[in-house]
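Reviewing the structure listed below.
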Amino acid sequence: MADDPLTGFVRTVVGSGAPMLVLSPHLDDAVLSCGALLGWAGRRAPVTVASLFTEAAPPPYTLSARQYLKQTRAGDAEELFADRRAEDRHVLELLDVDWRHVGLVDGLFRRLSRPRPGTGRLVRLLPEVTHVYPTYRLHLSRGRVSAHDAETLGVVGETIDALLPARSGGLVLAPLGVGGHADHVLVRTAAERSGRRVVYYSDFPYNQSAAADPEFTRRNRLVARAWERNLDRKAELIRGYRTQADALFPGGRIPCAPEVYLLPESAPETVPRTTGRLPGTRARAAGGVP
């Protein structure tokens with residue numbers, strides 16, 4: 001039986017020896033959205049998962065951050081993120097893929113580089129005044145990247161350049177930004193601007209209740225394709241993120257849904273042949289761009 005277009009494309013990339021860089025905004029997104037594909041490709045090609053927003057920040061926390069900590073039954077954000085990094089390392093090593101924790105601060109905890117004038121005395125009473133995204137609902141999940149995140153966007157672009165040099169002929173997997181989380185949209189924007197070949201993954205589980213940005217998919221002439229191989233193991237991998245799984249899937253039921261990837265309408269049938277892993281190693285941890 002002939003392969004479907006997505007499987008055929010992935011086989012072509014894997015068979016060429018071209019490296020694959022998977023951009024994961026947070027310390028679970030790659031496995032949530034691409035775990036089945038990673039389990040298949042990780043045994044056949046050099047794959048690196050780069051998790052971008054892998055750090056929290058000390059108090060005082062915004063109300064949205066405190067609500068998140070309550071959901072995850074955590075009292076200290078930095079301790080929680082240390083646990084999350086350990087979970088991510090464990091799960092990705094089970095998949096036999098390399099990993100990189102870039103060390104940027106998660107959007108819930110990201111502060112302005114310069115405080116707004118006149119807000120110094122308000123910080124303890126109202127921490128929101130010092131944050132790039134003061135609230136989750138009204139700011140972080142609205143599908144827009146703050147102008148205050150220009151430097152962060154630049155760092156993500158530099159990370160792509162460092163981990164997947166243009167001459168490598170490699171492939172980037174980037175989030176589509178379904179659900180509108182600013183961190184996801186920021187990573188998507190950096191990938192779109194990178195000049196690399198990009199396949200976008202539909203963000204799970206947010207794609208179970210939200211749609212993709214039609215303007216973005218139309219501008220990039222993207223076509224959705226489903227990946228249904230290796231799904232039987234995916235729930236077990238997701239449960240490896242024990243600090244997050246209960247909050248993401250109340251009741252413990254993880255839907256067995258096909259992974260969805262968006263390719264350009266005319267994805268190339270051949271890719272340049274190359275060998276070797278991406279710069280860096282599996283054990284490279286936080287610290288930004290190498």
Side-chain angles (χ1 to χ4, degrees), residues 22-35 50-56 61-69 71-72 77 84 102 104-112 128 131-157 160 172-194 198-224 238 241 244-245 247-250 254-255 257-263:
V22 184
L23 300 177
S24 184
H26 304 114
L27 290 157
D28 55 10
D29 288 315
V31 171
L32 283 167
S33 299
C34 311
S51 300
L52 283 307
F53 300 101
T54 59
E55 300 284 338
Y61 304 132
T62 65
L63 176 60
S64 293
R66 295 198 301 273
Q67 290 173 334
Y68 165 68
L69 293 174
Q71 276 187 319
T72 56
R84 293 190 63 185
V102 174
L104 296 171
V105 175
D106 185 286
L108 266 180
F109 304 94
R110 200 151 62 244
R111 290 186 169 94
L112 297 167
E128 283 78 1
H131 282 70
V132 174
Y133 300 97
T135 70
Y136 181 82
R137 188 179 298 274
L138 298 179
H139 301 92
L140 190 58
S141 65
R142 295 302 295 271
R144 294 192 292 269
V145 177
S146 169
H148 297 290
D149 257 343
E151 183 176 346
T152 303
L153 178 61
V155 172
V156 175
I160 297 171
V172 172
L173 262 61
L176 186 58
V178 177
H181 193 297
D183 287 350
H184 289 232
V185 177
L186 187 153
V187 175
R188 183 190 77 185
T189 302
E192 183 184 19
R193 295 178 179 179
S194 71
V198 183
V199 169
Y200 297 91
Y201 59 81
S202 183
D203 313 61
F204 179 82
Y206 318 106
N207 59 9
Q208 301 299 289
S209 57
D213 176 357
E215 180 183 347
F216 179 82
T217 57
R218 186 166 49 248
R219 180 172 74 243
N220 289 279
R221 303 179 66 185
L222 300 175
V223 178
I238 291 173
Y241 295 93
Q244 306 302 301
L248 285 169
F249 304 100
I254 300 173
E259 296 175 353
V260 178
Y261 298 88
L262 286 86
L263 288 71

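As a basis for the values below, the full set of heavy atoms in this structure was taken, side chains included, without hydrogen atoms, waters or symmetry mates.
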* To do: Report the residues that fulfil side chain to side chain donor-acceptor pair (under 3.5 Å) with Arg111, sequence neighbours left out, ordered by chain and then residue number.
  => none
* Asked: Are any of the side-chain heavy atoms of Thr217 and Tyr200 separated by less than 4.5 Å?
  -> no
* By side chain to side chain contact (heavy atoms under 4.5 Å, CB included) - contacts of Pro250 (at least two apart) -> none
* **Shortest non-hydrogen contact from Leu69 toward Ala77** => CD2-CA, 3.9 Å
* Structure fact -> So CG of Asn207 and OG of Ser33: to nearest 0.5 Å the spacing works out to 7.0 Å
* Asked: Among pairs that include at least one residue of residues 134-149, which meet salt bridge (Lys or Arg N to Asp or Glu O under 4.0 Å), considering only residues two or more places apart or in two chains?
  -> Arg110-Asp149
* Asked: Roughly how far apart are Asp29 CG and Tyr241 OH, rounded to 0.5 Å?
  -> 9.0 Å
* To do: Taking the side chain as every heavy atom from C-beta outward, state whether Tyr133 and Thr62 have any atom pair closer than 4.5 Å.
  => no
* Would Tyr206 and Leu248 satisfy side-chain contact (heavy atoms from CB on, under 4.5 Å), going step by step from the backbone distance to the final call? -> CA-CA 10 Å; Tyr206 318 106; Leu248 285 169; 3.7 Å; yes
* Give me the ring orientation class for His184 and His26: parallel if the planes are under 30° apart, tilted from 30 to 60°, perpendicular past 60°. => tilted
* Qualifying residues under salt bridge (charged side-chain N to carboxylate O under 4.0 Å, His left out), relative to Arg84, sequence neighbours excluded -> Asp28
* To do: Identify the heavy atoms of Val260 and Ala224 that sit nearest to each other, and give their distance.
  => CG1-CB, 4.0 Å
* Side-chain (Ser51) to main-chain (Thr54) donor-acceptor, under 3.5 angstrom -> no
* With rounding to the nearest 0.5 Å, note down the distance linking OG in Ser64 to CG in Leu138. => 8.0 Å
* Name all residues meeting the ring pair (Phe, Tyr, Trp, His ring centres under 6.0 Å) criterion together with Phe109; count only those two or more places apart in sequence or in a different chain, and write none if there are none. => Tyr61, Phe81
* Can you find a pair of side-chain heavy atoms, one from Leu262 and one from Phe216, that are under 4.5 Å apart? -> no
* To do: Check whether any side-chain heavy atom of Val223 lies under 4.5 Å from a side-chain heavy atom of Leu263, and answer yes or no.
  => no
* Asked: Between the side chain of Ser141 and the main-chain N/O of Tyr136, is any donor-acceptor distance below 3.5 Å?
  -> yes
* Pair His131 + His139: ring centers closer than 6.0 Å -> no
* What residues form a side chain to side chain contact (heavy atoms under 4.5 Å, CB included) with Ala30, not counting sequence neighbours? -> Val22, Ser24, Leu38, Val49
* Please identify each residue that fulfils salt bridge (charged side-chain N to carboxylate O under 4.0 Å, His left out) with Arg193, with sequence neighbours left out. => none
* Closest heavy-atom contact between Glu128 and Leu63? -> OE2-N, 2.8 Å
* Structure fact -> By salt bridge (charged side-chain N to carboxylate O under 4.0 Å, His left out), Asp203 pairs with (sequence neighbours left out) none
* For Tyr68, enumerate each residue passing the ring pair (Phe, Tyr, Trp, His ring centres under 6.0 Å) test, keeping only those at least two apart in sequence or located in another chain. => none
* Can you name the closest pair of heavy atoms from Ile238 and Phe204 and give their distance? -> CD1-CE2, 4.3 Å
* Asked: Nearest heavy-atom pair of Ser194 and Ala191: which atoms, and what distance?
  -> OG-O, 2.7 Å
* To do: Determine, step by step, whether Asp183 and Asp106 satisfy the side-chain contact (heavy atoms from CB on, under 4.5 Å) criterion, reporting the C-alpha distance in whole Å, the side-chain angles of both residues, the deciding distance to 0.1 Å, and the verdict.
  => CA-CA 8 Å; Asp183 287 350; Asp106 185 286; 4.2 Å; yes
* Distance from Leu27 atom CG to Leu32 atom CG, nearest 0.5 Å? -> 11.0 Å
* Using a 4.5 Å cut-off on heavy atoms from C-beta on, say whether the side chain of Leu186 contacts that of Leu52. => no
* Using side chain to side chain contact (heavy atoms under 4.5 Å, CB included) as the criterion, list what pairs up with Glu215, not counting sequence neighbours. => Asp213, Arg218, Arg219
* Apply side chain to side chain donor-acceptor pair (under 3.5 Å) to Tyr261 and list each qualifying residue two or more places apart in sequence or on a separate chain. => Glu259
* Check side chain to side chain contact (heavy atoms under 4.5 Å, CB included) between Val185 and all other residues, then give those that pass, not counting sequence neighbours. => Val145, Arg188, Thr189
* Structure fact -> Of all heavy-atom pairs linking Ala174 and Val198, the shortest is CB-CG1, 4.0 Å
